[in-house]
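This report refers to the structure that appears directly beneath it.
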Amino acid sequence: MKILVTGAAGYIGSHTLVELANAGYEFVVYDNLSNSSKESINRVSKIIGKDILFEQGDIRDTKRVQEVFEKYDIDWVIHFAGLKAVGESVEKPLEYYDNNVIGTIRLLEVMKEYNCKKIVFSSSATVYDEKSPYNYTPLRETDPTGDTTNPYGTSKYMIERILNDLYISDNEFKIVILRYFNPVGAYESGTIGEDPSGVPNNLMPYISQTAVGKREFLSVFGDDYDTKDGTGVRDYIHVVDLADAHVKAIDYINSDKFNANISIFNIGTGFGYSVLKMIKAYERASNKQVPYKIVPRRSGDIAVCYADSSLAKEVLGWEATRDLEAMCRDSWKWQSNNPDGYKEKKCNNAKK
Ligand code: NAD
Ligand code: UFG
C-alpha cells in the first residue's frame, strides 16, 4: 500500500518524503512541476538511497489521476499540491480557486471512486480570522476561521469546509488537516531546501538571498507594530519538524486513537520571533551581514501570529524539536551550497 503525495516536488513535500522513507512508508509522487523542479526528487532519492516513483501531472486532470490510481495500490493521500503566494492570489483569484479548490475537488472525486478515503491536507494559519491574532495570544484550533484577507487563505478555508462536508456525507473518510505556521530551514545536509521562483515573498528566503549576496538589502515591512521591537512576530517552524508532523498524522489515521472530531492541528512551535530577531539570528548562523531598511507596512500583514500546538502534542504525539539556531543554520547551508536553488551547482565563494 502506498501514499500518493501530491505536490511533493515542492519545498515541504520534498522534506516530507525523506521523513516518510525514514519511517518505512512507501509513496508515489504526483506533481505538475508548476512551482518546482524534478531535481528536488533526484536529491531526495540520493538522501533516502533509493529510486522514487514519480508521475508528472495536474490534480485537475481527472484522467491522469485515475491512471495513477489504476497503476498503484494507493491507500492514503498527502495533499500538498497548490499555489501559495498570497500577493499573487489577490491578482489572480480565479487561478487560485481553480488550482486549489477545484483541483482538490477533482482529486477527492478520484479518491472516492477508488475507495481511497484517508487524506492529510496542507492548510495554513491564514485561515484564522484576521482579528484573532490581534489578541496576542497563541491561536487555538477552535478559534474563529473564515474571515480571510486574500484568495489564497480563502481557498484553504474553503477546502477545509469541503473536507468537513465530505466527512459528513461519508463517515468512512479519515481526514487530518494540518494548519502550518511559517515553515523555514532545510534538510540538514543542505541538499534540499526552499527554491522560490523570482523574488521571494517570504521573509526567510529573502534574508538568505541577502546574506548570500543575491539581494542588496531586506525591506523590513514596518517597525511600528505593537510588538517589543515594532516589527511583525511569527511562529517559524523548521521544515523537518513540519515534515515529521505528516508522518505522525499518517500514524494517527492508522491507529485506534483516530477520532474524526479531532482532526485539525496547528503545526507551529508556540514561540514568536520578530523580523529583527530573525535577521540577527541569521547573521549569527551565517557569519554574514544582512543589510536592511525599514519600509512601510505590507498591506494585509498582521502584527503577531503564533500557534498553540498542544493538541498536536497530546493527540499526534508531535512537537517541534528544532530551535531558531537550527532553522537559520540549515537554511544557510542550503542557500550557500545552492545560491541558485536547484538550477545550478555549488557557488565557490559562499561560506559553507
Ligand atoms: P511549493 O510551491 O514548494 O510546493 C507545491 C507543489 O505543488 C509544487 O511542487 C507545485 O509544482 C505543485 N502543484 C501546484 N499546483 C499543482 C497542481 N494543480 N497539480 C499538481 N501539482 C501542483 O509549496 P510548499 O511551500 O511546499 O507548500 C506545500 C503546501 O503547503 C501548499 O498547499 C501550501 O499552500 C501549503 N502551505 C505552505 C506554507 C508555506 O509558507 N510554505 C504555509 C502554509 C501552508
Ligand atoms: N517580512 C518583511 N520583509 C520581507 C518579507 C516579510 O519584513 O521581505 C515580514 C512580514 O511583514 C511578516 C514576517 O516578515 O511580519 C513574515 O512574513 P512572511 O511573508 O514570511 O510570512 P507570512 O506570515 O506573511 O505568511 C506566511 C506564508 C503564508 C502562510 C502563512 C501562515 O506566506 O502562505 O505564513 O502559515 F499561510
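In listed order, ligands and their atoms are each counted from 1.
Among Tyr96, Tyr152, Phe181, the residue whose heavy atom sits closest to atom 35 (C) of ligand 1 is Tyr152. Distances from atom 10 (C) of ligand 1 to the heavy atoms of Asp31, Thr126, Asn182 show the closest one on Asp31.
Annotation for ligand 1: atoms under 4.0 Å from non-hydrogen atoms of Ser122 are 29 (C), 30 (O), 32 (O), 35 (C). If you number the atoms of ligand 1 from 1 as listed, the ones under 4.0 Å from a heavy atom of Gly7 come out as 6 (C), 7 (O), 9 (O), 12 (C). Proximity to Leu33 (heavy-atom distance under 4.0 Å) selects the following atoms of ligand 1: 11 (O). Taking every non-hydrogen atom of Gly10 and a distance limit under 4.0 Å, the qualifying atoms of ligand 1 come out as 3 (O), 4 (O), 9 (O), 26 (O). Counting atoms of ligand 1 from 1 in the listed order, those under 4.0 Å from a heavy atom of Gly57 are 19 (N), 20 (C).
Side chains of Thr269 and Tyr236: a donor-acceptor N/O pair is absent below 3.5 angstrom, by distance only. Side chains of Thr148 and Thr154: a donor-acceptor N/O pair is present below 3.5 angstrom, by distance only. Between the side chains of Tyr96 and Glu88, at least one donor-acceptor pair of N or O atoms lies under 3.5 Å. No side-chain N or O of Asn32 forms a donor-acceptor pair with one of Arg64 less than 3.5 Å apart.
For Ala9, no nitrogen or oxygen atom sits less than 3.5 Å from a nitrogen or oxygen atom of ligand 1, counting backbone and side chain alike. Among the atoms of Ser124, none of the N or O lies under 3.5 angstrom from an N or O of ligand 1. Checked by distance only, ligand 1 and Leu83 stay at 3.5 Å or farther apart across all their nitrogen or oxygen atoms. Inclusion of Tyr180 in the set of residues having an N or O under 3.5 Å from an N or O of ligand 1 is not warranted. Between Asp58 and ligand 1, an N or O atom pair is found at a separation short of 3.5 Å. Taking only nitrogen or oxygen atoms, main chain and side chain alike, Tyr11 reaches within less than 3.5 Å of ligand 1.
Contact check on Arg140 versus Asp143 returns no salt bridge, with no Lys/Arg side-chain nitrogen under 4.0 Å from an Asp/Glu carboxylate oxygen. By the 4.0 Å N-to-carboxylate-O rule, Lys343 lies too far from Glu39 to be salt-bridged with it. One finds a salt bridge joining Arg179 and Glu160 here, because a Lys/Arg side-chain nitrogen approaches an Asp/Glu carboxylate oxygen to under 4.0 Å. Salt bridge Asp244/Lys248: present, at least one basic N to carboxylate O contact under 4.0 Å. Residues Lys38 and Asp31 are not paired through a salt bridge, judged by the lack of any N-O separation under 4.0 Å between the basic side chain and the carboxylate. Ion pairing between Glu55 and Lys71 holds under the 4.0 Å rule for side-chain N and carboxylate O. Under the 4.0 Å criterion applied to side-chain N and carboxylate O atoms, Lys118 and Asp75 are assigned as salt-bridge partners. In this structure, Lys277 does not pair ionically with Asp229, as no charged nitrogen and carboxylate oxygen lie closer than 4.0 Å.
Residue Ser40 places no heavy atom under 4.0 Å from ligand 1. The closest approach between a heavy atom of Ser34 and any atom of ligand 1 is below 4.0 Å. The shortest heavy-atom distance from Glu194 to ligand 1 is not under 4.0 Å. Distances from ligand 1 to the non-hydrogen atoms of Ala8 include no value under 4.0 Å.
Protein residues having a heavy atom under 4.0 Å from any atom of ligand 2 are Lys84, Ser124, Ala125, Thr126, Tyr152, Tyr180, Phe181, Asn182, Asn201, Asn202, Leu203, Leu218, Ser219, Val220, Phe221, Gly232, Arg234, Tyr236, Val275, Arg298, Asp301, listed by chain and number.
Counted within 6.0 Å of NZ on Lys46, heavy atoms from surrounding residues, nucleotides or ligands total 12 or fewer; the atom is thus considered open. Atom CD of Gln289 sits in a sparse spot, with 12 or fewer heavy atoms from other residues, nucleotides or ligands closer than 6.0 Å.
Linking ILVMFWY residues whenever their side-chain heavy atoms come closer than 4.5 Å, directly or via other members, places Phe271 and Ile207 in the same cluster.
Among protein heavy atoms, the minimum distance from atom 5 (C) of ligand 1 is reached at Gly82 O, 3.9 Å. For atom 19 (N) of ligand 1, the closest heavy atom belonging to the protein is Ile59 N, 3.0 Å. Scanning all protein heavy atoms for the shortest distance to atom 39 (C) of ligand 1 gives Pro183 CG, 3.5 Å. For atom 25 (O) of ligand 1, the nearest non-hydrogen atom of the protein is Lys84 NZ, 2.8 Å. With respect to atom 2 (O) of ligand 1, the closest heavy atom belonging to the protein is Asn35 ND2, 2.7 Å. Among all protein heavy atoms, the one lying closest to atom 16 (C) of ligand 1 is Asn32 ND2, 3.4 Å. Shortest contact from atom 27 (O) of ligand 1 to any protein heavy atom: Ile12 CD1, 3.7 Å. Considering only non-hydrogen protein atoms, atom 31 (C) of ligand 1 sits nearest to Phe80 O, 3.1 Å.
In terms of modelled atom types and a separation under 3.5 Å, the side chain of Asn150 and the main chain of Val86 share no donor-acceptor contact. A donor-acceptor contact shorter than 3.5 Å is absent between the side chain of Asn266 and the backbone of Ser309. No donor-acceptor pair closer than 3.5 Å links the side chain of Ser89 to the backbone N or O of Pro93. Proximity of a side-chain donor or acceptor of Lys214 to a complementary backbone N or O of Pro339 within less than 3.5 Å is detected.
Contact annotation: for Ser123 versus ligand 1, heavy atoms closer than 4.0 Å belong to the backbone alone.
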